[in-house]
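Contents: one structure, followed by commentary.
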Amino acid sequence: MPRVKLFFDNKLGIVDMDFTIFAIWGFWDTILTGILVFVFWLYSEVFGNSNRSVLISSTIVWIAIFVVFWIAIANMGMSSWHILWITLPLSWLEMIVGTWITSKLYKKYEHD
């Protein structure tokens, strides 16, 4: 947080932790979850519900959202490039876990 405030010259409202910020993050998480579930559903409808489907669909969502986001953030100078070695693998793992949970719920409620 101090680096971000320093970068933006200590302008008010930058990296504040209040209800509005948490509401926006909640909205972002809801959209991300919906996209993840939708892409997994599409992939598993065609190729079946398997670990391969989990890996591929989570990787598609990860590349489309997180890789593009973090490269853009680093490119704008809002983050250092070396932090990508930490954030990208962790966000990929997050996508795999989320898709795995989706896979198990989908299998549980699947009606053939």
Side-chain angles (χ1 to χ4, degrees):
M1 191 176 337
R3 287 182 61 198
V4 174
K5 285 191 182 231
L6 182 65
F7 179 82
F8 285 106
D9 206 17
N10 288 321
K11 292 182 182 169
L12 294 177
I14 301 297
V15 268
D16 285 341
M17 293 295 151
D18 57 15
F19 177 76
T20 305
I21 298 297
F22 286 120
I24 291 169
W25 277 108
F27 183 67
W28 162 251
D29 288 340
T30 302
I31 291 172
L32 180 60
T33 302
I35 292 169
L36 180 67
V37 169
F38 181 69
V39 169
F40 171 75
W41 174 77
L42 284 176
Y43 196 88
S44 65
E45 282 293 309
V46 175
F47 298 105
N49 188 348
S50 66
N51 288 336
R52 182 174 186 243
S53 295
V54 168
L55 184 64
I56 292 173
S57 60
S58 61
T59 302
I60 290 169
V61 173
W62 173 72
I63 290 169
I65 294 175
F66 285 98
V67 172
V68 171
F69 172 78
W70 279 107
I71 288 176
I73 292 295
N75 191 45
M76 289 186 295
M78 296 174 68
S79 175
S80 59
W81 285 98
H82 71 274
I83 201 166
L84 297 180
W85 294 107
I86 299 167
T87 57
L88 288 178
L90 289 177
S91 62
W92 185 58
L93 182 63
E94 178 183 22
M95 289 293 96
I96 291 173
V97 169
T99 309
W100 181 80
I101 292 169
T102 302
S103 167
K104 296 306 171 197
L105 289 172
Y106 185 67
K107 198 173 282 187
K108 181 178 180 181
Y109 295 106
E110 203 170 33
H111 301 288
D112 288 339

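Index from 1, following the sequence. Every heavy atom of this structure was used, including side-chain atoms; hydrogens, water molecules and symmetry mates were not.
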**Request:** State plainly whether one hydrophobic cluster holds both Ile35 and Trp70, where clusters connect Ile, Leu, Val, Met, Phe, Trp and Tyr through side-chain heavy atoms under 4.5 angstrom apart.
**Result:** yes

**Asked** So with a 6.0 Å cut-off around CH2 of Trp25, is the heavy-atom count from everything else above 12?
**Response** no

**Prompt:** Under a 4.5 Å side-chain heavy-atom rule over Ile, Leu, Val, Met, Phe, Trp and Tyr, are Trp41 and Tyr109 clustered together?
**Reply:** yes

**Request:** Starting at CG of Leu42, measure out to CD of Glu45 and round the result to the nearest 0.5 Å.
**Result:** 8.0 Å

**Message:** Is there a side-chain contact between Phe38 and Thr33 in this structure, where contact means two heavy atoms from C-beta onward sitting under 4.5 Å apart?
**Reply:** no

**Item:** Atom pair CZ (Arg52) and OG (Ser44), whose distance is rounded to the nearest 0.5 Å
**Value:** 13.0 Å

**Message:** Would you say Leu90 ends up clustered with Ile60 if hydrophobic residues are merged whenever their side chains have heavy atoms under 4.5 Å apart, either directly or through other cluster members?
**Reply:** no

**Request:** Look up atom OG in Ser58 and atom OH in Tyr43, then write down how far apart they are to the nearest 0.5 Å.
**Result:** 10.5 Å

**Cluster link Ile65 to Ile24, ILVMFWY, side chain under 4.5 Å** = no

**Thr102 side chain vs Gly98 backbone, donor-acceptor pair below 3.5 Å** = yes

**Prompt:** Do Ile63 and Trp92 touch side chain to side chain, with heavy atoms closer than 4.5 Å?
**Reply:** no

**Prompt:** So which heavy atom on Val54 is nearest to which on Trp100, and how close?
**Reply:** CG1-N, 3.7 Å

**Prompt:** Counting heavy atoms not belonging to Phe69, are there more than 12 under 6.0 Å from its CZ?
**Reply:** yes

**Complete:** Rounded to the nearest 0.5 Å, the OG atom of Ser103 sits from the CD1 atom of Ile96 at a distance of 12.5 Å

**Asked** Can you find a heavy atom in the side chain of Thr99 that is under 4.5 Å from one in the side chain of Trp62?
**Response** no

**Fill in**
What one should report as the nearest heavy-atom pair of Ile86 and Pro89 is O-CD, 3.5 Å

**Request:** Would you name the heavy atoms of Leu32 and Phe66 that are closest together and state the gap between them?
**Result:** CD2-CZ, 3.7 Å

**Asked** Hey, any chance Val68 and Ile71 share a hydrophobic cluster, counting ILVMFWY side chains that come within less than 4.5 Å of each other, even indirectly?
**Response** no

**Close side-chain approach of Asn49 and Phe40, heavy atoms under 4.5 Å** = yes

**Prompt:** Can you tell me if Ser57 uses its side chain to pair, donor with acceptor, with the backbone of Val39 under 3.5 Å?
**Reply:** no

